[in-house]
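Only one structure is covered here, and it is reproduced in the block below.
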Amino acid sequence: MKYKTLFNQRKALRFRHFTRKGYTLFACLGRVVTIGVLSVATLESATAAHRHVSTDEEQADTMRVTEKEATLDDVEVTGSRAPLALGQAARMVTVLSREEIQAAPVQSINDLLKMAVGVDVRQRGPIGAQTDIGIRGSTSEQITILLNGINICDPQTGHNAFDFPCDISDIVRIEVLEGPAARVYGTSSLVGAINVVTRQNEKLEMRNEKYEMKNEKWNGSARMEGGSFGYLSAAGRAGIGGHSLSASYTRSDGYSRAKSGALNADYEGFKAFYQGSYSLSSLLSPLSSKISWHAGITTKGFGSNTFYSAKFDEQYEKTTKLFTALQGEVNTGMLHFKPAIYWNRSYDRFELIRGDESKVPFNHHRTDVFGINLNSYFDWAAGRTAFGAEFRNEDIVSGNLGELLNNPHGDYKYGLNRSNLSFHLEHNILLKRFTLSAGFVAVKNTWNEMPFTLYPGIDASYRIGDNWKVYASYNTSLRMPSFTELYYSVGGHKADKYLKPEEMQAVEGGVKYSSRWLTAQASIFHHHASNMIDWVMDTREADPVWQSVNHTKVNTLGQEVTVNVQRSMFNVQLSYCYLHQQKQEADHLQSQYSLEYLRHKLTAQLRMKLTESLDLTLGYRWQDRMGQYTTIDGEVKDYRPYSVVDARLAWKKDTYSIYVEGNNLTSHRYVDYGNVPQPGCWIISGLKVFL
């Protein structure tokens, strides 16, 4: 929870509970009003909870902590299809707030997620080159990635799922929903979902008894960074009225070289992101509406040294992604509609031998994803009911993925198209201290003629007094195989196009305590998965290859504990996650993904205000991964535990900020993936100017 300092404060009127009456507004005329704020948001785009709240830039890349008071009654969150007040919501959502993001010693969105204890961030390269991200022992294929509530998962592969078009300065918060989420987000949400929410410049002014956009409010910022390994990054952002535009460029020489002496971990990337919105509402009518949209592009090329094969240390990959989405929201008072339509396109070119196609042809892929969905809910005497549907079409043309095209063109000789149709229904029983949320999603996919299949779920929570809350849930989910898992049969790989969908059943229970300065949460969960997809190698074979297979069963038992202490001049957070997985597997099988998971993960963070203008952030992370990998010499090695220390020191003024960041200060050489060592100590300094 984050709070702003109040200067020259007169006697304040404090709201502890809103009654949603129109005349409540007049009680605050001519007086200072303080309102309890809670930094837990929705896994939708959160417009229901924040429709009338300004999202102007706070111009804060450091921590501001003052005395505060939180109220749970009227803050709406969504861990289900319909938004519920936080005091009634049955599922827990982990939120990285804007202040935490701006104060973190990171250079990419991928790095930010290392702060979430239940999230496994496996880097092949820094500054967002390529990162596989899982939740609670999952692979990168088994979670849904969203941008402002829009599914941006790439059906080709999960390796490039985190190619976001927005800069860190665009982000309001990052939301993590742990556990199966098919009831909320459909076929990609086997073990959870991650939603990146960007901010909009929006201000309403009343003219002639109508609310209209006023475009006189504008702001901007610029950033320049430089550091180790030839790192250089520049970014700018401008917002006016309901529109904002940002762009950034980043490059690095990389931290390693190939045996030939050539760079093999270099990076160069560009991003641009535009978003806008228009709102219309009135105090004189219950009807309100809003339209929002975004469009973005990200392109990057990076030396992928030994990413996919230890035998080749000069691999290279270039990706380009385009994102578009249009969302609407209509609230009639009782009935709430939220339609959306989106289209995303991705290009991927992979070179096993960089710049040389004479020995091994390059891999070319282009995917197009089109989707349209409707989420709706209404209130009545028995509670709140949500219903809706989604249609999503996924298409690929490729040099080696899919079936042979009737009309091959250019680099594309193969292709595949599949569609997914789903319907959802959910009902919420809302009592003073008890919430019961139950529903299902019905899914049909054209791939392999999958029939309509139901995946139900139920969540319950109970508030004990003003500080305690207990919750429990049972949810089911599925995940369709990626195009790579179905058809990638080159370069020592052999795919199976008849793979079955992954399925999961999960139960979870937990307790949460929240007071003025202390927040603590503990949970225990069990996942039972069937037909889990992995790439495995049979080490008994003379010339083994990686094969995509369905593991019969995977059982995961885990616990998470988080404690957060927040005082006027510092914030301390300590989190720990433990996982234990049991699988039906043979000793002679070596896994590339699902047999490797974080057994232990411990994170600690300290943020301090040293002086009025000087802030310090210290981060510590210790990880112990299960599993093994084979070196280029054929030696089988266990993953070894490692710890990383990061720090950020920032001098902040109203119009500028100067900072220095250090990553991996102990220069510990570790691996998240076998045969891909990560860099040692990395130092970056930067200047940010606010306009």
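Computed over heavy atoms, backbone and side chain alike; hydrogens, waters and symmetry mates excluded.
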Is there side-chain contact between [X] and [Y], with heavy atoms separated by less than 4.5 Å?
| X | Y | answer |
| --- | --- | --- |
| H527 | P180 | yes |
| I109 | C166 | yes |
| L147 | F273 | yes |
| R392 | C153 | yes |
| Y342 | I152 | no |
| V176 | E178 | yes |
| V184 | S189 | no |
| N445 | N420 | yes |

Would you check if there is a donor-acceptor pair between the side chains of [Y] and [X] at a distance under 3.5 Å?
| X | Y | result |
| --- | --- | --- |
| N550 | Y498 | no |
| R479 | Q142 | no |
| D459 | N475 | yes |
| D132 | T139 | no |
| R625 | Y673 | no |
| E426 | Y377 | no |
| H336 | E329 | yes |
| Q581 | T556 | yes |
| D163 | T319 | yes |
| N531 | E502 | no |

Tell me whether Q678 contacts the main-chain N or O of Q123 through its side chain, where contact means a donor paired with an acceptor under 3.5 Å.
yes

Donor-acceptor pair, distance only, cut-off 3.5 Å: does the side chain of R98 make one with the backbone of I171?
yes

Give a yes or no on whether a salt bridge exists between R418 and E394, defined as a side-chain N under 4.0 angstrom from a carboxylate O.
yes

Salt bridge (charged side-chain N to carboxylate O under 4.0 Å, His left out): which pairs involve residues 105-118, sequence neighbours left out?
D111-K114

Give a yes or no on this: more than 12 heavy atoms of other residues, nucleotides or ligands lie within 6.0 Å of atom NZ of K444.
yes

The ring pair (Phe, Tyr, Trp, His ring centres under 6.0 Å) partner of H427 among W380, F378, F387 is W380

In sequence, state the C-alpha distance, the side-chain angles, and the governing distance for Y642 and D672, and then conclude on side chain to side chain donor-acceptor pair (under 3.5 Å).
CA-CA 10 Å; Y642 68 85; D672 285 327; 2.6 Å; yes

Y629 ring centre to R122 NZ or CZ under 6.0 Å, with the angle to the axis within 45°?
no

